[in-house]
Amino acid sequence: MRVVSGIQPTGNLHLGNYLGAIRNWVRMQDELPKDSDCLFFLADLHAISMPHEPAELRRATLEMAAALVACGIDPQRSILFNQAQVPAHAELQWLLNGTARMGWLNRMTQFKDKSGKNREGASAALFTYPVLQAADVLIYQATHVPVGEDQKQHLELARDIATKFNHDFASADTAIFTLPEPISPPDAARIMSLRDGSAKMSKSDPSDMSRINLTDDADTMAQKVRKARTDPEPLPSELDGLEGRAEALNLVAIYAALDGSTPEAVLAEYGGQGFGAFKPALAEKMVEVLGPIRGRFVELKDDREMLDAILARGALLARELAAPTLDAAYEALGLVRGRP
Ligand code: TYM
């Protein structure tokens, strides 16, 4: 098995990232057989698709590396790096741009969400972003890609690009790319905003009260949970009773994910109780799980030398793993390259 996934180093790592993706990265790293590889990267090349401040991107890239290590990514067991140090990602993106279809990219909901009403003013990088994401996983022959629900459409596209490329440029017995499988946790694939149960928890939400950041201290977490939007009804004892109650369902799902149980089990315990009782219990659970991560993050985040060394080592290993697939893709396309 080869596990590959990425996160953009913009803003803080939040509870949605953690429960939807990063916790699965750590589990896969810890539980897979020894001959599997796990590659996790900071998608800094993706981050330039939106307006950004260069010094801030540099700082945020190192900080996100520290956050991942604090969450349990072990740079000795996993290959942890940033895209910009592995040029094969950008090179393969260009090669795949010949295969990706405009119609496919036009259907991507993330482009529509992020460009909003300003489609004409959006960067070309924002439009071709999913092709870079396809290159990110195809370059390593990824078999499994742990992501939240919102990235599944991009993974479908990666599979379509791989299928068409294999069909157009490879023979059936020498497929160039492996089709990657997305992996999402059943109950935490889409953690919602604390202020609006119909919007996903996101780094780009202007209200910090909408998300729990891994950098929030215990008081801040408790305050955000206390102010989270809910309804006046008590919690039901069965899951059916949460229909049409998106905010309540979200809080129950978060509790279950933090506790390693299920929404059904949470309702069996808290059914009949109001949010006055449930919210403090949720805040306590959050602090119990995220507090130690925050502690490690604070210790690591300013050790620039160590973080640089981790990323440099990861990039070296990633470059080696990427080389054969990149060579094969150039070759298949008939590009005369000489020996780089
Ligand atoms: P990004 O940086 O937005 O998010 C990182 C991971 O967190 C998941 N996630 C969530 N899961 C559940 N609930 C939420 N509210 C929530 N918000 C975010 C995301 O699904 C993701 O798994 N384009 C990607 C980064 C990327 C990538 C890749 C991922 C670049 N190349 C290749 C996988 C493979 C992104 O912007 O994720």
Side-chain angles (χ1 to χ4, degrees), residues 2-26 28 38-50 52 57 60-61 63-64 67-68 71 73 81-84 86 89-90 92-93 96 108-111 113-114 125-126 128-159 161-162 180-205 210-214 246 250 253-254 257-258 318 322:
R2 185 161 286 170
V3 178
V4 178
S5 199
I7 182 166
Q8 287 202 63
T10 39
N12 284 314
L13 200 142
H14 58 69
L15 187 65
N17 298 135
Y18 181 67
L19 296 178
I22 314 303
R23 201 163 61 159
N24 259 351
W25 298 9
V26 175
M28 293 177 100
C38 292
L39 294 99
F40 301 119
F41 61 89
L42 309 160
D44 49 3
L45 293 180
H46 279 99
I48 65 165
S49 60
M50 294 293 276
H52 79 286
L57 177 57
T61 301
E63 248 189 51
M64 191 59 88
L68 295 179
C71 287
I73 297 299
F81 64 100
N82 60 307
Q83 273 172 329
V86 186
H89 289 240
L92 184 63
Q93 181 195 17
L96 297 180
M108 295 295 114
T109 55
Q110 181 176 294
F111 176 73
D113 292 347
K114 288 201 172 172
L126 189 64
T128 59
Y129 176 118
V131 187
L132 178 58
Q133 185 157 344
D136 293 337
V137 294
L138 299 181
I139 192 82
Y140 300 111
Q141 308 287 344
T143 55
H144 296 83
V145 185
V147 284
E149 179 83 25
D150 61 333
Q151 295 302 319
K152 283 199 171 162
Q153 194 187 36
H154 287 160
L155 261 294
E156 266 314 308
L157 180 88
R159 292 171 64 93
I161 292 175
E181 209 56 69
I183 306 279
S184 296
D187 292 318
R190 197 170 163 79
I191 301 292
M192 308 310 277
S193 155
L194 298 181
R195 308 299 288 173
D196 174 0
S198 66
K200 71 171 183 183
M201 186 176 284
S202 152
K203 299 171 204 175
S204 51
D205 192 315
S210 70
R211 65 185 155 259
I212 302 287
N213 302 306
L214 264 76
N250 189 39
I254 291 175
L258 288 168

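Atoms within a ligand are numbered from 1 in the order they appear, just like the ligands themselves. Positions are given from 1 along the sequence.
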If the cut-off is 4.0 Å to any non-hydrogen atom of [X], which atoms of ligand 1 fall inside it?
| X | answer |
| --- | --- |
| Phe41 | 28 (C), 31 (N), 32 (C) |
| Ala43 | 30 (C) |
| Gly20 | 11 (N), 12 (C) |
| Val145 | 33 (C), 34 (C) |
| Ala21 | 6 (C), 7 (O), 22 (O) |

Begin with the C-alpha distance, continue with both residues' side-chain angles, and end with the deciding distance and a verdict on side chain to side chain contact (heavy atoms under 4.5 Å, CB included) for Gln133 and His46.
-> CA-CA 8 Å; Gln133 185 157 344; His46 279 99; 3.8 Å; yes
Measure across [X] and [Y] and return the closest heavy-atom pair with its distance rounded to 0.1 Å.
| X | Y | answer |
| --- | --- | --- |
| Ala257 | Ala188 | CB-CB, 4.0 Å |
| Leu138 | Ala158 | CD1-O, 3.9 Å |
| Tyr140 | Ala322 | CE2-CB, 3.8 Å |
| Asn17 | Asn12 | OD1-O, 4.0 Å |
| Pro130 | Leu157 | CB-CD2, 3.4 Å |

Identity of the nearest option to [atom], non-hydrogen atoms only, from [options]:
| atom | options | answer |
| --- | --- | --- |
| atom 12 (C) of ligand 1 | Gly148, Ala189, Ala253 | Ala189 |
| atom 16 (C) of ligand 1 | Gly6, Ser5, Pro185, Gly16 | Gly16 |
| atom 17 (N) of ligand 1 | Gln8, Gln110, His154, His14 | His14 |
| atom 28 (C) of ligand 1 | Gln133, Lys152, His46 | Gln133 |
| atom 37 (O) of ligand 1 | Met201, Arg211, Gln151 | Gln151 |

Could you note down all residue pairs passing salt bridge (Lys or Arg N to Asp or Glu O under 4.0 Å) where residues 140-154 supplies at least one of them, sequence neighbours left out?
-> Asp150-Lys200
Where at least one partner belongs to residues 2-25, residue pairs that pass salt bridge (Lys or Arg N to Asp or Glu O under 4.0 Å), sequence neighbours excluded | Arg2-Asp37
For [atom], what is the closest protein heavy atom, and at what distance to 0.1 Å?
| atom | result |
| --- | --- |
| atom 1 (P) of ligand 1 | Lys203 NZ, 4.0 Å |
| atom 9 (N) of ligand 1 | Asn17 ND2, 3.7 Å |
| atom 20 (O) of ligand 1 | Asp150 OD1, 2.4 Å |
| atom 36 (O) of ligand 1 | Tyr129 OH, 2.8 Å |

Would you mind telling me if ligand 1 is within reach of the side chain of Val4, the backbone, both or neither, using heavy atoms under 4.0 Å?
-> neither
Which class fits the ring pair His154 and Tyr129: parallel under 30°, tilted 30 to 60°, perpendicular over 60°?
-> tilted
Does any N or O atom in [X] lie less than 3.5 angstrom from one in ligand 1, N or O only?
| X | answer |
| --- | --- |
| Asp136 | yes |
| Gln83 | no |
| Ile191 | yes |

To the nearest 0.5 Å, what is the distance between CG (Leu126) and CD (Gln110)?
->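 One finds 7.0 Å between CG of Leu126 and CD of Gln110.
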Got a donor-acceptor contact below 3.5 angstrom from the Ser193 side chain to the Asp196 backbone?
->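 Judged by distance alone, yes, a pair lies under 3.5 Å.
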Non-hydrogen atoms of Ala188 versus ligand 1: any pair closer than 4.0 Å?
->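 Yes, Ala188 has heavy atoms under 4.0 Å from ligand 1.
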